[in-house]
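Notes for the one structure printed next.
Chain naming here is simple, since letters A, B, ... match the order of the sequence lines and numbering starts at 1 in each.
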Amino acid sequence: MSFMKKPRAHHSDLPRNSLGYTIRDYEGGMSTLCAGCGHDSITAALIQACWELDIEPHRVAKMSGIGCSSKTPAYFLSQAHGINAVHGRMPSIATGANAANQHLHYLGVSGDGDSLSIGFGQFAHAIRRNVNMLYIIENNGVYGLTKGQFSASADVGSRAKYGQENEQPPIDPVLTAISLGCTFVARGFSGDKDQLVPLIQAGLRHRGFAMIDVISPCVAFNDHEGSTKSYAHTREYYHPAIHADFIPPREEIRTEYEKGKAMPVELHDGSTIVLRKIDVDHDPTNRAGAIAYLERHREAREIVTGLLYLEEEGKDLHAWNRTVGDSLVDTQSRSDAAAILEEIQAGYR
Amino acid sequence: MSFMKKPRAHHSDLPRNSLGYTIRDYEGGMSTLCAGCGHDSITAALIQACWELDIEPHRVAKMSGIGCSSKTPAYFLSQAHGINAVHGRMPSIATGANAANQHLHYLGVSGDGDSLSIGFGQFAHAIRRNVNMLYIIENNGVYGLTKGQFSASADVGSRAKYGQENEQPPIDPVLTAISLGCTFVARGFSGDKDQLVPLIQAGLRHRGFAMIDVISPCVAFNDHEGSTKSYAHTREYYHPAIHADFIPPREEIRTEYEKGKAMPVELHDGSTIVLRKIDVDHDPTNRAGAIAYLERHREAREIVTGLLYLEEEGKDLHAWNRTVGDSLVDTQSRSDAAAILEEIQAGYR
Amino acid sequence: MSKSSVNHVNDFTLKVATVNGTGSASANSLLMKSIFRMGVPVMGKNYFPSNIQGLPTWYEIRVTDPGHLTRSGDVHFMVAMNAETFAKDHAEVTPGGYLLYDSTWPRNRDLNRDDIHIIGVPLAEMVNQHFVEPRTRILMKNVAYVGALAGLLDLDLAVIEQLLKETFGERKAKLVKPNMEAVRIGYDYVLEHYDCPLPVRVERADMTRGHVVVDGNTTAALGAMLAGATVGAWYPITPSTSVMDAFSAFCGKYRKTEEGEREYVILQAEDELAAIGMVMGAGWMGARAFTATSGPGISLMNEFLSFGYYTETPAVIFDIQRVGPSTGMPTRTQQSDLMECAYAGHGDTRHICLYPADPAEAFDFSIRCFDLAEHFQTPVFLVSDLDIGMNEWMVPELKWDESYRPDRGKVLSAESLESLSGPFRRYMDPDKDGVPFRTLPGVHPAGAFFTRGSGHSKHGTYTEDAAEYQEVMDRKARKFLTAASHVPAPVIEYCNSTEVGGKKRVRPVRYGFLTVGSGDLAVREARHNLKEKGMEFDYCRVRAFPFTREVEDFIAEHEIVFVVEQNRDGQLKGMLLAELEPEAGKLVSILHYNGLPLASMHVESEVVDHLRKAEAS
Amino acid sequence: MSKSSVNHVNDFTLKVATVNGTGSASANSLLMKSIFRMGVPVMGKNYFPSNIQGLPTWYEIRVTDPGHLTRSGDVHFMVAMNAETFAKDHAEVTPGGYLLYDSTWPRNRDLNRDDIHIIGVPLAEMVNQHFVEPRTRILMKNVAYVGALAGLLDLDLAVIEQLLKETFGERKAKLVKPNMEAVRIGYDYVLEHYDCPLPVRVERADMTRGHVVVDGNTTAALGAMLAGATVGAWYPITPSTSVMDAFSAFCGKYRKTEEGEREYVILQAEDELAAIGMVMGAGWMGARAFTATSGPGISLMNEFLSFGYYTETPAVIFDIQRVGPSTGMPTRTQQSDLMECAYAGHGDTRHICLYPADPAEAFDFSIRCFDLAEHFQTPVFLVSDLDIGMNEWMVPELKWDESYRPDRGKVLSAESLESLSGPFRRYMDPDKDGVPFRTLPGVHPAGAFFTRGSGHSKHGTYTEDAAEYQEVMDRKARKFLTAASHVPAPVIEYCNSTEVGGKKRVRPVRYGFLTVGSGDLAVREARHNLKEKGMEFDYCRVRAFPFTREVEDFIAEHEIVFVVEQNRDGQLKGMLLAELEPEAGKLVSILHYNGLPLASMHVESEVVDHLRKAEAS
Ligand SMILES: Cc1ncc(C[n+]2csc(CCOP(=O)(O)OP(=O)(O)O)c2C)c(N)n1
Ligand SMILES: Cc1ncc(C[n+]2csc(CCOP(=O)(O)OP(=O)(O)O)c2C)c(N)n1
Ligand code: SF4
Ligand code: SF4
Ligand SMILES: [Mg+2]
Ligand SMILES: [Mg+2]
């Protein structure tokens with residue numbers, strides 16, 4: 001249960017990041033998910049990514065909706081505030097929180113049911129507003145917590161545990177996000193931590209809405225034959241399109257990348273993402289091209305992964321609002337209130 | 001007001017369709033919209049399309065949400081049942097009604113606010129279910145009825161009546177619909193009835209969800225300079241990509257079309273749509289191609305119109321549900337109820 | 001042993017504490033069902049966590065009189081299989097009771113009450129010796145405790161074997177053998193090591209004939225199918241999900257043509273707003289349609305419910321209540337949506353609600369809901385709860401009333417429309433019962449009109465006119481009054497009632513109990529126990545909103561009416577006060593809202609407390 | 001002329017019937033404001049349609065005592081500019097009253113009452129002669145009737161000119177001249193053709209000093225700005241839209257840095273579910289945040305409101321009520337969300353509500369809402385309505401209390417967290433007032449905890465434990481009790497009250513009025529008129545939910561309390577019954593719900609009726 005914090009004994013031998021924290025300091029309560037659930041692997045990747053990035057744990061705001069996936073913020077960063085919204089409505093909570101205080105790291109975790117069914121409108125509009133946050137969809141193609149109904153990301157032809165076949169086209173979070181103007185769109189797999197960790201790091205550093213769709217098999221209800229979100233199926237059709245190396249500010253880009261195959265993109269805070277193309281026909285900075293690329297591979301049933309689209313120039317919520325630098329949390333009574341009131345009322349006589 | 005029916009004097013000189021109706025029989029109450037509102041032109045196109053198609057007026061179910069656009073079903077087909085849902089939720093009403101009775105023509109009218117803001121989730125999911133209906137978005141880029149706020153279809157850089165500039169990327173109903181797997185996607189302009197009428201006819205005949213995004217300027221709040229949904233701007237950037245001729249069943253395809261430039265597509269009921277390409281680089285039956293085409297023209301700020309994507313093979317709601325042919329409205333008590341009850345209860349002892 | 005022993009043949013409570021996801025649910029069900037098959041009345045309640053695997057879960061079985069199949073509050077026998085909750089479970093046993101644990105591992109020495117009997121059985125050890133496959137080992141440990149209990153409580157192994165055969169059917173018949181081996185492992189061990197059967201045990205009887213064991217979500221779904229519902233739209237939410245699962249299964253079997261075509265549509269909506277919208281759309285089209293949900297879903301449906309009320313669109317909503325507010329405790333029970341359902345929506349709205357007490361009534365009321373929704377052209381709620389909906393109840397067999405004909409309400413046919421002289425007017429009151437005529441789309445051009453949630457006149461036209469608006473609202477208020485004489489009357493029982501010349505004559509006592517829904521049996525048991533202590537109470541169970549005349553009279557007849565309900569704020573009491581304006585101070589709340597089903601003991605002690613205090617002051 | 005004449009100097013009602021979208025709104029506003037500037041108390045109410053152009057619209061101006069600036073129910077002067085509604089408007093004039101119409105066109109001969117004075121002015125003809133541009137002609141016709149009224153009612157042309165100058169400002173100064181010409185056209189015509197001024201007219205006075213003319217959405221927004229709200233999230237809906245428009249305008253002026261950077265964020269959400277979610281997110285983060293909406297929006301917010309209640313997240317919601325149910329009549333007023341707001345959400349939820357009576361109180365209460373929301377860590381409603389929110393009221397100037405300091409509630413600072421000995425526990429009750437301590441994100445690791453709408457213990461941890469769940473719910477109930485002594489007390493006025501040694505001593509009369517919000521002035525006027533007829537009533541205006549002690553006492557002190565409210569179902573009465581359990585039969589409803597603001601005449605006649613009937617029986 002989430003209140004059973006893991007013993008935080010001091011492991012003096014564990015490596016420490018520049019803040020002096022070991023990776024244990026980024027852990028949370030004990031998971032209550034099923035053994036083998038993909039979501040737990042994503043939790044582990046998040047912990048590693050934050051530790052490596054030297055993020056102060058308490059400067060993160062963790063947010064989620066409702067579902068097995070949405071429970072996970074209780075399992076990492078126990079020194080950070082977290083909030084479990086109602087089902088599908090985390091994007092609005094995140095938007096409001098971010099509006100009030102732009103100085104925290106916003107980390108949202110959702111499920112495919114939470115984001116693509118009940119929450120689809122809020123998901124789309126948070127993208128439109130380019131809220132500065134990392135938004136992870138732990139995508140298993142089913143409703144885990146309510147025991148195995150198809151979600152809106154279930155592929156045509158995918159079979160449920162008891163045999164029914166899905167015939168409705170899936171909502172693909174990646175395609176949707178790109179077509180809605182999302183400025184950072186990636187796909188990962190809970191089973192590939194090496195790929196996932198730098199994606200998470202880049203997403204956290206990106207200024208704007210960063211969406212990572214992580215295929216995360218549900219061992220209880222959607223890991224059988226016939227499911228297109230099982231471990232086996234994902235591994236078979238897994239297709240890394242691009243590899244993203246996240247390089248913190250001031251760190252040298254050490255490797256020499258072959259020209260045309262690698263592409264360093266500098267983020268607003270000075271860090272860099274080096275995109276190494278595995279598929280040369282994919283340009284992750286061209287929206288139309290990225291869509292066309294996805295379409296081609298969709299037809300081949302391939303699950304393309306990596307940082308699929310990136311636009312570093314988009315204005316985030318505070319940029320287009322032209323908000324002051326301070327957070328908007330403090331409210332003091334104004335000394336000029338009476339004068340303002342008088343000035344305004346002059347027009348009401 | 002909508003209850004002030006126009007005088008239905010008999011104009012014996014008006015032409016009649018094969019059912020013996022004049023176009024007057026397809027009219028509705030008097031419009032209460034602003035003089036010059038684009039929505040009224042769409043109403044006129046709908047009236048003409050239904051009359052020409054020889055549709056029995058009372059076999060149409062008219063549905064809408066809330067907004068100026070959503071008022072229009074009161075202004076056509078007064079012999080048809082209509083329903084004004086709550087704001088943004090017409091798709092669910094339409095889905096339920098259609099589920100209950102697949103034998104009517106379903107005609108939904110919505111606005112950009114109604115469909116892309118509050119109703120975005122329902123809009124997307126009605127597409128996923130491929131509900132057999134014509135769904136028109138009367139797109140003016142603003143909330144007309146609540147007096148001029150930007151809607152989610154407002155373009156970046158578009159200016160509101162009192163000068164504010166929109167900085168959030170628009171949700172494009174056409175791109176969205178195609179990427180969600182919509183089987184019939186078109187765009188029209190309230191100012192071009194010639195193009196619009198056959199699109200409406202084809203959409204009504206298409207089995208599945210047919211979406212037409214109709215640019216429909218709001219003269220009260222969004223027809224000024226700087227607006228990208230004004231009459232002037234739309235005319236300037238108007239770009240017909242493809243022309244669709246709708247040809248009823250049994251009617252000969254008379255014109256000889258130049259090869260490669262025209263493409264007849266047969267609909268499930270035997271009627272045909274002949275697609276005449278104006279832009280040869282656009283293939284309206286290729287999803288990836290259609291998206292790429294749209295993206296290219298979007299970058300040029302062009303408003304491409306016509307039947308932009310068509311898939312005639314998709315299963316509609318009743319096909320994937322495998323519903324019986326009858327409507328599901330009649331309920332008689334079953335003569336075998338007692339026996340069923342006994343059989344079922346045998347398992348409860 | 002100096003300690004006393006609970007000595008109840010066919011009258012005790014047994015509780016099993018396990019971890020979820022280990023297969024204990026089917027073992028517990030087997031246990032309960034085998035008692036039922038022995039002809040002994042039994043109740044089974046499942047307290048499960050809101051996750052899939054690894055958290056504490058309990059199953060409570062009560063063996064008792066058929067009229068008291070409810071929680072009493074006592075636990076006479078605890079099967080403590082979960083190390084994490086062992087201390088709590090151990091503490092909960094009634095003095096003189098029994099605790100069975102898995103003695104494979106040593107238990108905490110501190111947890112060793114000397115006023116209860118502790119029975120160790122090395123379940124894991126024995127099962128692990130016998131079975132190899134890890135998952136089988138986990139599952140069989142549960143079957144083995146069923147075997148141990150069979151020995152201790154004197155359950156019939158033949159009955160257990162028969163149940164296993166039925167469960168596995170032909171396709172999985174080969175599973176019966178290993179399961180019976182596991183049963184035997186437990187059974188043989190206790191027979192060898194303990195004095196079996198115990199004083200607390202089951203004895204074959206003949207008290208379950210004519211009864212079935214079933215949950216209320218299944219029966220509600222069955223009602224919907226037999227009432228002819230053809231469109232079901234829903235969004236999954238605990239504890240309502242099994243309503244649509246059952247509806248789907250029933251329709252799959254009884255509602256397909258020979259070619260396999262479906263005479264129904266089930267729509268898994270994207271959320272509850274869409275689910276109720278679909279139901280409204282189908283209802284407007286003329287089909288019988290329904291949705292099933294729980295509290296959060298009702299909250300999301302508020303806007304459409306207001307629309308349904310105002311446009312007079314039939315719709316049926318099954319609310320399977322769970323613990324609120326917000327997400328609350330999704331797998332625990334409560335009656336805390338009473339107000340929300342009755343008044344859901346902004347503006348002056350009110351909805352017909354039926355409150356079943358058990359799965360049998362859920363079946364009847366499910367059917368009634370569809371009739372009322374069409375008769376009164378309005379949303380109608382079946383307000384059930386997790387306890388009724390998801391627990392297995394022993395109830396009298398469901399009966400089919402052969403005279404039943406669906407009440408489709410006042411719908412004008414094509415013929416009547418054809419012969420209409422003037423235009424069709426949607427919102428009139430031709431019969432002075434507040435109920436207008438309606439027409440269905442596609443039937444006839446003369447029936448066409450525009451349904452709108454905005455202001456409309458009695459003709460169905462758009463209006464912003466003060467008088468026209470009010471006229472329609474006033475008629476709707478009259479319609480609601482009419483409904484009060486159509487909804488199920490309360491169940492009322494007097495302590496003193498005599499039949500004189502075929503007429504019932506009653507003499508009310510001073511005090512009455514008034515309750516609703518799943519409070520029924522616990523209040524009845526409390527009433528029974530209090531009577532044995534010399535305190536008499538009349539009884540009223542409200543079965544519908546609007547409240548009927550009989551409820552008003554019952555309250556008027558008594559000095560104090562104890563209103564027993566399962567929520568914190570006394571919602572039913574508040575509604576009674578607001579709607580009926582009884583004398584001040586007459587209604588006294590007895591509340592229970594911790595998520596467990598109401599226990600008779602709680603009711604009893606609260607009443608006694610209140611009366612003692614009242615006397616003292 | 002044999003007919004009588006209404007002869008009221010500074011005491012009459014004038015109503016203007018026009019078509020919307022023609023510019024009449026500004027003409028009417030000019031009319032009202034010029035009376036105000038002449039030192040004469042005035043009320044202006046706008047009855048506009050729910051469309052943009054071409055439907056009937058009315059503006060009602062009442063000139064009277066400052067205490068009765070409310071609808072009386074009479075119309076002494078009708079300006080009938082709309083052919084479509086002419087018959088109805090003509091019928092509405094009080095005998096002896098006046099009707100002005102545009103005599104450019106002949107009017108229907110049937111519509112020619114001989115008990116009123118009919119004044120024809122060829123407005124269109126004269127205006128069309130003078131102006132050329134079509135749009136100008138339409139606009140100027142309205143200005144011309146203002147001119148005609150100036151002549152007939154003796155309004156000061158200099159005042160009108162000054163107002164025009166202020167309206168157009170420097171940028172559009174050249175518009176003043178043509179407007180004054182149009183004024184003159186009407187003015188000169190009536191002076192030439194009628195005996196001006198009429199017996200019904202305005203006379204300069206000095207009764208408006210220290211007052212302003214303003215609507216309640218503007219003042220609520222002003223309150224929000226001065227209370228320091230920094231995040232506003234909303235979805236446009238009539239009649240609440242102008243709240244956020246005004247907030248945006250005020251912030252644009254007073255809340256920007258010198259560089260033009262905003263110290264606030266206004267979010268136009270995609271719907272009301274998102275709007276309240278944003279407010280909850282900002283409140284959780286520690287900012288003062290609010291939304292403005294109307295009935296349908298509240299319905300959509302139910303789920304999040306339940307979340308806010310249960311997680312104890314501050315939020316402020318302005319509900320500007322309109323006519324329900326469903327879409328209802330969006331441009332008409334009602335008080336029909338009283339119950340919805342108080343109990344919004346499933347499960348046991350209840351919310352603090354403040355009920356302002358006019359724009360001045362909307363200002364004060366708007367500020368109070370933010371303090372209460374943070375003090376009690378819960379959603380708080382400002383329950384206003386269209387009448388208060390969108391009509392222009394003459395009210396005493398708004399005053400700023402220099403001693404005001406925002407009450408940010410119990411928030412632990414980084415320092416207190418630093419020195420915390422144990423872990424932070426979110427849901428305790430350290431001060432025995434039911435109010436726990438909270439922490440804000442990002443402040444200190446020791447303050448971290450997980451906010452959840454699912455079951456939680458007093459420590460803030462996840463729980464499914466019956467006792468832990470209940471403990472938190474019980475504390476919340478206590479918190480709500482505490483709130484009852486923090487919310488605004490009712491305004492109570494007795495007919496007989498004396499001061500003895502500085503202490504007020506009252507002797508209640510038999511009957512009392514009890515009302516809420518915008519019912520205030522109409523009930524006061526009714527009370528005043530009834531007193532003149534020899535009938536005395538004490539007065540109570542409820543200003544908040546939970547109800548305070550004083551409300552309970554007021555009801556107890558009177559034989560009958562007439563509960564006057566603007567909805568069909570007597571929602572306030574129902575809440576009073578449910579919450580306070582007064583003696584049966586004591587509360588008598590006076591209801592008004594046709595969408596127009598309450599008129600004093602209606603209250604008066606209903607009371608008289610009731611008492612007459614009671615006497616007769
Ligand atoms: C309003 C509402 N409706 C329904 C539910 C029930 N519910 C809880 S989680 C869930 C689906 C979760 O699916 P997903 O987001 O894919 O998460 P997963 O469990 O698969 O990780 C549903 C339907 C709810 N909590 N609230
Ligand atoms: C729940 C709810 N929120 C808000 C409104 C107010 N409202 C009515 S129409 C509308 C926007 C309509 O915009 P659009 O759909 O673009 O239609 P248009 O008037 O531009 O044709 C809004 C916000 C409402 N009716 N219901
Ligand atoms: S049910 Fe599926 S998603 Fe949920 S915890 Fe288990 S494996 Fe993970
Ligand atoms: S406001 Fe705009 S959308 Fe509405 S009727 Fe007028 S022109 Fe049309
Ligand atoms: Mg999922
Ligand atoms: Mg619009």
### Query
Between A:Ile66 and C:Thr327, does a side chain to side chain contact (heavy atoms under 4.5 Å, CB included) hold up when you go through it step by step?
CA-CA 9 Å; A:Ile66 301 284; C:Thr327 302; 3.5 Å; yes
### Query
OG1/C:Thr241 to OH/A:Tyr143 distance, rounded to the nearest 0.5 angstrom?
11.0 Å
### Task
Please lay out, stage by stage, how A:His87 and C:Asp271 fare under the test side chain to side chain contact (heavy atoms under 4.5 Å, CB included).
CA-CA 9 Å; A:His87 191 26; C:Asp271 63 12; over 6 Å; no
### Task
Against chain C, label A:Ala152 side chain, backbone, both or neither, depending on which of its atoms sit under 4.5 Å from a heavy atom there.
neither
### Query
For atom CD of C:Glu133, is the number of surrounding heavy atoms from other residues, nucleotides or ligands below 6.0 Å larger than 12?
yes
### Summary
When every non-hydrogen atom of C:Ser50 is compared with those of A:Leu145, the smallest separation belongs to O-CD1, 3.8 Å
#### Entry: Side-chain touch C:Ser326/A:Val86, heavy atoms, less than 4.5 angstrom
yes
### Task
Could you grab the distance from atom OG1 of A:Thr32 to atom CD1 of C:Ile52, nearest 0.5 Å is fine?
9.5 Å
### Task
Answer yes or no: is there a side-chain heavy-atom contact under 4.5 Å between A:Lys147 and C:Thr238?
no
### Task
Using modelled atom types only, decide if a donor and an acceptor are shared between the side chain of C:Gln268 and the backbone of A:Gln149 within a distance under 3.5 Å.
no
## Note on the structure
Rounded to the nearest 0.5 Å, the OG atom of A:Ser151 sits from the CD atom of C:Glu270 at a distance of 13.0 Å
### Query
CZ/A:Arg89 to CG/C:Leu300 distance, rounded to the nearest 0.5 angstrom?
5.5 Å
### Task
Side chain from CB out, backbone as N, CA, C, O: work out which of these in A:Phe120 comes under 4.5 Å of a heavy atom of chain C, or both, or neither.
neither
